[in-house]
Amino acid sequence: MVFNELNEDKFQILEDLTNDEIEKLKKFKDFPICKDIKDQYLLMFLFSKKFDLEKSHILIKNNLMVREKMEISLPVVKNQVNEELAKKSSSYCIQGYKDKEGRSISYLYPSKLKPKEYSLKEYLTFLLWSQDQSVHDHSSIHRSGMTIIEDLHKISLFKHFDSRLTEFLKKNKLNDMQDVFIGRIQKIYILNPPWVLKPLLSIAKTFIKTKIISRVEICKTDQIFKTIDPSNVLIEFGGTLNLSYSEYFDKLPLNF
């Protein structure tokens, strides 16, 4: 496993940890698999599992196994990401914007990208980079989890669903994405649901926990603003935040 070195002073996930979180981090570092991994990255896994050490251990073991098999480092940094894939803006988070519960906001727009136009490694590298960026979020955001806004306009099961990922996970006996990828999903808003939504949710149940599916809300744009201020939602998703992901991506340093 390759580990990239970055300046620890920039990682907000390290800020304002509680005494209990610090103690759990110390215990987690005693696990052999955690050797040589920086605190900020260990915290990504701990926050994802609410500092349950055994569940965090399963998560980091599976996550590192995927990286090892695909030859993807921890962390992934911007200069390792396929820029064209990133700028398709089908899955991303713009840091610094939160909902009213203090959760980070992630966006999904699947119809903007045809995954099979890229290698599985390129696709996974971008996915893991998107998650590794969370070390730049304050610890309070990690405690709160994330809200996802997903626009399913013009989605196609044949064009925009990548079976390679689920096949890869199943081949490696990884049947639950929540035990592979970090992040605590608290709410998922679905905009412009197609007729295929029910089949999509049925497929999702095969690799995503039922409790996550239960947090899905099919809604119209104005319903989102009950929990998220419009100024924190991008214009293309109905808010007033005038910022494109392409612009945001270009401004990020290469080692971000």
Side-chain angles (χ1 to χ4, degrees), residues 48 76 81-82 84-99 103-118 120 122-134 137 141 144-166 169 177-178 180-209 211-221 223-225 227-228 230 232-239 241 243-246 248-249:
S48 291
V76 179
V81 172
N82 182 313
E84 178 187 273
L85 188 158
K87 289 187 174 183
K88 295 278 186 173
S89 305
S90 67
S91 173
Y92 58 94
C93 175
I94 295 179
Q95 292 181 314
Y97 299 94
K98 302 178 288 185
D99 69 8
R103 304 166 184 153
S104 63
I105 303 170
S106 290
Y107 298 93
L108 295 178
Y109 209 137
S111 64
K112 286 189 172 184
L113 177 72
K114 295 178 182 177
K116 291 185 179 179
E117 292 181 348
Y118 305 91
L120 180 58
E122 287 176 310
Y123 185 68
L124 269 174
T125 297
F126 174 71
L127 179 60
L128 289 167
W129 175 68
S130 298
Q131 298 187 2
D132 291 349
Q133 290 178 62
S134 69
D137 286 326
I141 294 177
S144 300
M146 73 172 75
T147 289
I148 294 175
I149 304 176
E150 183 166 11
D151 192 331
L152 297 183
H153 182 59
K154 292 186 178 181
I155 191 172
S156 165
L157 276 175
F158 303 103
K159 294 179 181 179
H160 308 119
F161 179 75
D162 192 353
S163 60
R164 294 175 304 171
L165 178 56
T166 52
L169 295 177
M177 283 197 179
Q178 304 306 121
V180 179
F181 301 106
I182 68 163
R184 289 180 53 231
I185 300 171
Q186 299 300 304
K187 191 71 178 179
I188 303 175
Y189 291 108
I190 301 290
L191 304 176
N192 300 310
W195 67 269
V196 295
L197 182 58
K198 287 186 178 180
L200 283 173
L201 290 177
S202 295
I203 292 171
K205 287 178 181 178
T206 64
F207 53 87
I208 298 176
K209 291 178 180 177
K211 70 176 182 180
I212 300 299
I213 300 299
S214 69
R215 293 171 183 167
V216 173
E217 180 179 339
I218 299 171
C219 64
K220 295 183 178 180
T221 302
Q223 292 174 271
I224 295 175
F225 303 141
T227 58
I228 311 176
N232 285 337
V233 177
L234 295 174
I235 287 177
E236 67 177 305
F237 288 86
L241 180 58
L243 177 65
S244 74
Y245 184 70
S246 180
Y248 172 78
F249 181 86

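Residue numbers count from 1 along this sequence. If you're wondering where the values come from, they're calculated on a predicted model, not measured in any experiment. Values below: all heavy atoms of this structure, side chains included; hydrogens, waters and symmetry mates excluded.
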Donor-acceptor contact below 3.5 Å, side chain S48 vs main chain G183:
yes
Is atom NZ of K114 surrounded by more than 12 heavy atoms (other residues, nucleotides or ligands) closer than 6.0 Å?
no
Which distance, rounded to the nearest 0.5 Å, do you find between the OH of Y107 and the OG of S89?
12.0 Å
In Å and rounded to the nearest 0.5 Å, what is the OG to CD1 distance from S130 to I182?
10.0 Å
Minimum heavy-atom separation for F225 to G238, with atom names?
CZ-O, 3.2 Å
Side chains of Y118 and E84: is there a donor and an acceptor less than 3.5 Å apart?
yes
Are any of the side-chain heavy atoms of I190 and I188 separated by less than 4.5 Å?
yes
Donor-acceptor under 3.5 Å (T147 side chain, K187 main chain):
no
Any side-chain heavy atom of E150 sitting closer than 4.5 Å to one from V216?
no
Interatomic distance, CD1@I105 vs CD1@I141, rounded to 0.5 Å, equals 10.0 Å
For D137 and S104, does a side-chain donor sit closer than 3.5 Å to a side-chain acceptor?
no
Within 6.0 angstrom of K112 NZ, more than 12 heavy atoms from elsewhere:
yes
Short side-chain to backbone donor-acceptor contact, Y123 and L85, under 3.5 Å
no
If we ignore hydrogens and angles and just use 3.5 Å, is the side chain of D99 paired with the main-chain N or O of T227 as donor and acceptor?
no
Main-chain N/O of Q186 paired to R103 side chain as donor or acceptor, under 3.5 Å:
no
Do Q95 side-chain atoms and Q133 backbone N/O form a donor-acceptor pair below 3.5 Å?
yes
Check: R164 side chain, P115 main-chain N or O, donor-acceptor pair, under 3.5 Å:
yes
Any side-chain heavy-atom pair from F181 and L124 closer than 4.5 angstrom?
yes
Taking the inter-plane angle between the rings of Y109 and F237 on a 0 to 90° scale, is it parallel (under 30°), tilted (30 to 60°) or perpendicular (over 60°)?
perpendicular
How many angstroms lie between atom CE of M146 and atom OG of S134, to the nearest 0.5 angstrom?
7.5 Å
Have a look at Y92 and tell me which of Y97, Y245, W129 forms a ring-ring contact (aromatic ring centres under 6.0 Å, His included) with it.
Y245
Looking at C93 and Y248, what are the two nearest heavy atoms and their distance?
O-CE2, 3.8 Å
Roughly how far apart are L191 CG and E217 CD, rounded to 0.5 Å?
10.0 Å
Non-hydrogen side-chain atoms of L241 and V233 separated by less than 4.5 Å:
no
Rounded to the nearest 0.5 Å, how far apart are NZ of K159 and CD of E117?
10.0 Å
Around atom NZ of K98, are there more than 12 heavy atoms of other residues, nucleotides or ligands at under 6.0 Å?
no
Counting distance only, does the side-chain N/O of Q131 pair as donor-acceptor with the main-chain N or O of L128 below 3.5 Å?
no
Side chain to side chain contact (heavy atoms under 4.5 Å, CB included) between I149 and I228, intermediate numbers included:
CA-CA 11 Å; I149 304 176; I228 311 176; 3.9 Å; yes
Find out whether K116 and D162 are in side-chain contact, i.e. whether some heavy atom of one side chain is under 4.5 Å from a heavy atom of the other.
yes
